[in-house]
Structures are given as C-alpha cells and as structure tokens.
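Predicted model, so just to flag it, every value in this text is computed and none were measured. Position 1 is the first residue of the sequence, and the numbers go up from there.
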Amino acid sequence: MSVTPDLELMTFKGVKELLNYVNSQISDLERRVKDIEGLMSDLKVKADKYIALLQMIEEIVGKGQQLPLSTTIELTG
C-alpha cells in the first residue's frame, strides 16, 4: 500500500503576495517553536524534580533496592 502525499497548488498575484505568505508562514512556525520551547521548559522542571526525588529515595533505601510497597502504617511513640 503506497501513500500519496497531499499536494496543494497555490497561486500568487505577484512577488509581494508570495513574500507576505512566506513571512506569515515563518511567523507561524516561530510562534510554534516558542510554544514548544515553553512546554519543554516546563517538562525539564518536572524531570529535574523527578530525578531529585529518585536520588533521595536511592539515598534512603540504597541504590538498586526497591522501596517495598505496603498499605500498613506503623505508628510508634
């Protein structure tokens, strides 16, 4: 099964109209890149917190050990 890409034929009345179209496409792409950079920044913050949490767990439990999951809570004192 072959997939044929969709083609779009565009016509412009002149070079100025073509350049306006290209500039608008560039502006749109720049906006998208800025949005993605913002999302990546948010994800980096979350990933850094996750890594820090994993490191704290490794320090408490020991590297390579798994934290036992239990619903039992022991209260002392």
Check your understanding: Between Ile57 and Ile60, is there a shared hydrophobic cluster once you connect ILVMFWY residues whose side-chain heavy atoms come closer than 4.5 Å?
Key -> yes
Point to revise | Residue pairs fulfilling ring pair (Phe, Tyr, Trp, His ring centres under 6.0 Å) with at least one residue in residues 18-37, sequence neighbours excluded | key: Phe12-Tyr21
Revision key, fill the gap. So CD1 of Ile51 and CE of Met56: to nearest 0.5 Å the spacing works out to 13.0 Å
**Study point:** Single-linkage hydrophobic cluster Leu18~Met10, side-chain heavy atoms < 4.5 angstrom
**Key:** yes
**Study point:** Distance, nearest 0.5 Å, that separates NZ of Lys34 from CG of Leu29
**Key:** 14.5 Å
Point to revise | Residues which pass side chain to side chain donor-acceptor pair (under 3.5 Å) with Lys44, listed by chain and number, not counting sequence neighbours | key: Asp48
Exercise for review: Taking the side chain as every heavy atom from C-beta outward, state whether Val45 and Lys49 have any pair of such atoms under 4.5 Å apart.
Suggested key: yes
Point to revise | Contact check, side chains of Leu39 and Asp35, non-hydrogen atoms, under 4.5 Å | key: no
Practice item. Using atom types as modelled and distance alone, determine if a side-chain donor or acceptor of Ser27 lies under 3.5 Å from a backbone N or O of Asn23. Key: yes
Review point. Just by distance, do the side chain of Asp28 and the backbone of Ser24 share a donor-acceptor pair under 3.5 Å?
Key: no
Check your understanding: So, are Asp42 and Lys46 salt-bridged, with charged N and O less than 4.0 Å apart?
Key -> no
Exercise for review: With sequence neighbours excluded, give me every ring pair (Phe, Tyr, Trp, His ring centres under 6.0 Å) pair touching residues 35-63.
Suggested key: none
